[in-house]
A.B. asks: 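Once you've had a glance at the structure underneath, I'll fire off some questions.
Being a predicted model, the structure only gives us computed values, none of them experimental. Here is the naming used below: chain letters follow the sequence lines, and residue numbers restart at 1 for every chain.
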Amino acid sequence: MIDLNKLISNSENILERLESRGEVIPLDDIKQLDSERKDLIQKSDQLRSFRNSENKRIGVSKEKPSLEHINKMREISDKLNNINSKLDDIESELNRLMLVIPNVPLEEVLNGNDETDNKVIFTKEDVKNIKTTIPHWDIAPKLGILDMEQGVKLAGSRWYVLKGKGAILQRSLVAWMLEKHNQNGYLEIAPPFLVKEEVMVGSGNLPKFSELLYKDIEEDLWLIPTSEVALNSLYFGDIIKEELPLKFVSHSQCFRREKAAAGRETRGIKRVHQFEKVELFRFELPESSRNAFDEMVNEIQLLCDELGLIYRSVELCTGDLGFQSAKTIDIEVWAQGSEDWLEVSSISTCTDFQSRRTRTRYKNAGEIIFPHTLNGSALAIPRILIAILENNLQDDGSILVPKVLQKYTGFEKID
RNA sequence: GGACGGAUGGCUGAGUGGUUUAAGGCGGCGGUCUUGAAAACCGUUGUGCGUUAUGCGUACCGGGGGUUCGAAUCCCUCUCCGUCCGCCA
């Protein structure tokens, strides 16, 4: 949620910056609702003030109020109820409009319409001559570590089953990543994978993107598409008492409906309905959040380095930013078999957009502020598996396990 | 899932219709005293909204709704917590 007063006064060029995302803001409606809202609040407060003082007088005097007086006061209460229910309507309408406005991009974010305007800002091209170009959907089933058919049998298209050394490799990646981040000062969190609606609203996934999410209708709970959603609401409605920054790491299953059609982009396990991911999340002081963002990008790039992957960093333009993001850098790894760059991480600063939605606050030198929230995948597991399988394929058909993972897997190659 | 009991400010805890826009205590902050500290004493104390803004008004006693001139207090409902029973990894 962006700051209503800033939007109305268009301070810091908020309107222009929102429009640079290709967003149309119903500013006139919002202004109108806000002024009606203020008007009603004043009327309501005045009536209440009068009612309070009258009732206090009755209480003190200990005399029975006259029928005439009672009728007069009843009239005032009716009027008050009327105003308050009108106020409720206006506030919920205003809220409805505000909740679907995306975050304001940072000034520094490059302008653009869509992903073709994104900019590659760093490439780690540590290419050892990879001769083979066999995609993972051919390699992995042959090695008996991935079964797409059984996934379909169990749950349908775009569900899969990892087996044996494939499953162990996944588990090892998760364990290695968690341990790395623990060492970097992130507190490990194991959150619920289903959350309340207000938690989804808090992260920005609702009300706008419900079609991308799974929901348990019976209990009115939503399955998280990333643990960012859960971590963001750890202090829902609270004033954080711990000192900032707060740094969290979490491993979760991620559930996404992914309604896009099947095709080259979705072959194998590139885009699936359930996947594992390790996620970084931070609550930061506004003045520190920009540095924190760069820190997180570095931490995440380092993971790719250590896994021996070819990767690049892509700065997203305004038109391609996610709803809640003010700035995003994607990390993509090269997958030789698919001959494609795969997005394995997306690092975003959401400034105070999410903390406003969850009403997470922090008292900084006596002043109550909305902390900035930042998140980044570190990393999304299936696409890392793809890169390892396709890039580390040996002439004899076996897969070399990256050195850093071997102490977790207990084996050096998959054959 | 069933029965009973709860939910009040940072914490504790009073308050069963009207000087309660919440007593007292603890903690926090400021001060007096002191060489310093402790103790004692004095003062202060949350969040949101509105505003003609060193102030004023208003809302908030788990959430929502109702009764009433007036609700922390009465009624309905939901949620959560506790205890016991049942079930279960």
A.B. asks: State whether Arg267(A) and Glu390(A) are salt-bridged, where the test is any N-O pair (Lys NZ or Arg NE/NH1/NH2 against Asp/Glu carboxylate O) under 4.0 Å.
C.D. replies: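 Between Glu390(A) and Arg267(A) there is no salt bridge, as every charged N stays at least 4.0 Å from the carboxylate O atoms.
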
A.B. asks: Specify the separation, in whole Å, of atom CG of Leu80(A) and atom P of G57(B).
C.D. replies: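 Going from CG in Leu80(A) over to P in G57(B) covers 17 Å.
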
A.B. asks: Can you say whether the rings of Phe248(A) and Phe283(A) are parallel (under 30°), tilted (30 to 60°) or perpendicular (over 60°)?
C.D. replies: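 Geometry flag for Phe283(A) against Phe248(A): perpendicular rings.
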
A.B. asks: Given the P atoms of G43(B) and G48(B), what is the spacing between them in whole Å?
C.D. replies: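 Going atom to atom, P in each nucleotide, I get 28 Å.
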
A.B. asks: Applying a 3.5 Å limit to both distances, which nucleotide forms a Watson-Crick or G-U wobble pair with U32(B)?
C.D. replies: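 Pair assignment: U32(B) / A40(B).
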
A.B. asks: Which is true for Lys56(A) with a 4.0 Å heavy-atom rule: it touches a base, it touches only sugar-phosphate, or it touches nothing?
C.D. replies: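 It contacts base atoms.
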
A.B. asks: Set out, line by line, the N/O atom pairs under 3.5 Å between protein and nucleotides 44-46 of chain B.
C.D. replies:
none

A.B. asks: For the residue pair Phe122(A) and Tyr311(A), does the interplanar ring angle fall in the parallel (under 30°), tilted (30 to 60°) or perpendicular (over 60°) class?
C.D. replies: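 Plane angle between 30° and 60°, so tilted.
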
A.B. asks: Ignoring hydrogens and angles, are the base of G70(B) and the side chain of Asn55(A) linked by a donor-acceptor pair under 3.5 Å?
C.D. replies: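 Check fails, no donor-acceptor contact within cut-off.
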
A.B. asks: For U47(B), does either OP1 or OP2 sit under 4.0 Å from a side-chain N or O belonging to Arg361(A)?
C.D. replies: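 No, because none of the side-chain N or O atoms of Arg361(A) sits under 4.0 Å from OP1 or OP2 of U47(B).
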
A.B. asks: Can you establish whether the number of heavy atoms outside Glu16(A) located under 6.0 Å from its atom CD is more than 12?
C.D. replies: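 Yes - once you tally the heavy atoms of other residues, nucleotides and ligands closer than 6.0 Å, there are more than 12.
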
A.B. asks: For residues Glu299(A) and His181(A), is any side-chain donor paired with an opposing acceptor at under 3.5 Å?
C.D. replies: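 Short answer, no.
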
A.B. asks: P atom, A3(B) versus G57(B): distance in rounded Å?
C.D. replies: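 It comes out at 48 Å once rounded to the nearest Å.
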
A.B. asks: Tell which nucleotide pairs with U20(B), taking only Watson-Crick or G-U wobble pairs whose two distances are both under 3.5 angstrom.
C.D. replies: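 Paired with U20(B), as far as the under-3.5 Å criterion goes, is no nucleotide at all.
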
A.B. asks: Can you measure Leu4(A) atom CG to G50(B) atom C1' for me and round it to whole angstrom units?
C.D. replies: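 Result: 13 Å.
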
A.B. asks: Using a 4.0 Å heavy-atom cut-off across all strands, classify Asn71(A) as base, sugar-phosphate, or nothing.
C.D. replies: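 The answer is nothing, as Asn71(A) stays clear of every strand by at least 4.0 Å.
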
A.B. asks: Between Gln324(A) and Ser203(A), is the side chain to side chain donor-acceptor pair (under 3.5 Å) condition met? List the steps.
C.D. replies: CA-CA 7 Å; Gln324(A) 60 265 52; Ser203(A) 56; 5.4 Å; no

A.B. asks: Any base atoms under 4.0 Å from Arg359(A), or only sugar-phosphate, or nothing? Heavy atoms, all strands.
C.D. replies: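 Here Arg359(A) touches no strand at all.
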
A.B. asks: For A3(B), what is the paired nucleotide under Watson-Crick or G-U wobble rules, both distances under 3.5 Å?
C.D. replies: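 U83(B) is the nucleotide pairing with A3(B).
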
A.B. asks: Taking the C1' atom of each, how far is U20(B) from C60(B), in whole Å?
C.D. replies: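 Taking atom C1' in both U20(B) and C60(B), they lie 15 Å apart.
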
A.B. asks: Please report whether the ring centroid of Phe323(A) lies less than 6.0 Å from that of Phe209(A).
C.D. replies: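 Yes; Phe323(A) has its ring centre under 6.0 Å from that of Phe209(A).
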
A.B. asks: Round to a whole Å and report the spacing from CG of Asp3(A) to C1' of G48(B).
C.D. replies: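 The answer, rounded to whole Å, is 14 Å.
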
A.B. asks: So which nucleotide does U51(B) pair with, by the Watson-Crick or G-U wobble rule with both distances under 3.5 Å?
C.D. replies: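 Its partner is G55(B) (Watson-Crick or G-U wobble, both distances under 3.5 Å).
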
A.B. asks: So with a 6.0 Å cut-off around CD of Glu211(A), is the heavy-atom count from everything else above 12?
C.D. replies: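 Yes, because the 6.0 Å sphere around CD of Glu211(A) holds more than 12 heavy atoms from other groups.
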
A.B. asks: Return the pairing partner of U73(B) with a 3.5 Å limit on both distances, Watson-Crick or G-U wobble; otherwise return none.
C.D. replies: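 With both distances under 3.5 Å required, U73(B) matches none.
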
A.B. asks: Could you check Ser77(A) against Lys241(A) and say which one's nearest nucleotide on RNA chain B is further toward the 5' end?
C.D. replies: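 Here Lys241(A) is the residue nearer the 5' end.
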
A.B. asks: Tell me whether the side-chain N/O atoms of Arg48(A) come closer than 4.0 Å to OP1 or OP2 in U58(B).
C.D. replies: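 So the side-chain polar atoms of Arg48(A) never come under 4.0 Å of the phosphate oxygens OP1 or OP2 of U58(B).
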
A.B. asks: I want to confirm an ordering. Mapping Gly366(A) and Phe50(A) to their closest nucleotides on RNA chain B, which one lands closer to the 5' end?
C.D. replies: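 Between the two, 5'-proximity favours Gly366(A).
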
A.B. asks: Starting at CD1 of Ile41(A) and ending at P of C49(B), how long is that distance when rounded to a whole Å?
C.D. replies: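 About 10 Å, once rounded to whole Å.
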
A.B. asks: Take atom CD in Gln253(A); do more than 12 heavy atoms of anything else shown fall under 6.0 Å from it?
C.D. replies: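 It does: Gln253(A) CD has more than 12 such atoms within range.
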
A.B. asks: Side chain of Asp45(A): nearest nucleotide among C69(B), U58(B), G50(B)?
C.D. replies: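 Nearest to the side chain of Asp45(A) among the choices is U58(B).
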
A.B. asks: What is the distance, rounded to the nearest whole Å, between atom CE of Met73(A) and atom C1' of A71(B)?
C.D. replies: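 In whole Å, A71(B) C1' lies 15 Å from Met73(A) CE.
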
A.B. asks: Would you tell me if any nitrogen or oxygen in the side chain of Ser44(A) comes within less than 4.0 Å of OP1 or OP2 on A59(B)?
C.D. replies: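 Checking Ser44(A) against A59(B): no side-chain N or O falls below 4.0 Å of OP1 or OP2.
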
A.B. asks: Starting from P on U58(B), measure out to CD on Glu91(A) and report it in whole angstrom.
C.D. replies: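 Rounded to whole Å, this separation is 18 Å.
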
A.B. asks: In whole Å, what is the span from the CG atom of Asp78(A) to the P atom of C69(B)?
C.D. replies: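 From Asp78(A) CG to C69(B) P: 10 Å.
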
A.B. asks: Does the side chain of Ser49(A) get closer than 4.0 angstrom to OP1 or OP2 of U58(B) through an N or O atom?
C.D. replies: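 Yes, such a contact exists.
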
A.B. asks: Using the P atoms only, state how far G82(B) lies from A22(B), rounded to an integer number of Å.
C.D. replies: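 Here A22(B) and G82(B) have their P atoms 31 Å from each other.
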
A.B. asks: Take atom C1' in G70(B) and the same atom in U16(B), then report the distance between them in whole Å.
C.D. replies: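 To the nearest whole Å, 16 Å.
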
A.B. asks: With a cut-off of less than 4.0 Å, is there a side-chain N or O of Asn52(A) near OP1 or OP2 of G18(B)?
C.D. replies: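 The answer is no; no side-chain N or O of Asn52(A) sits under 4.0 Å from OP1 or OP2.
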
A.B. asks: Given atom NZ of Lys196(A) and atom P of G63(B), what is their separation to the nearest angstrom?
C.D. replies: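 It works out to 13 Å between those atoms.
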
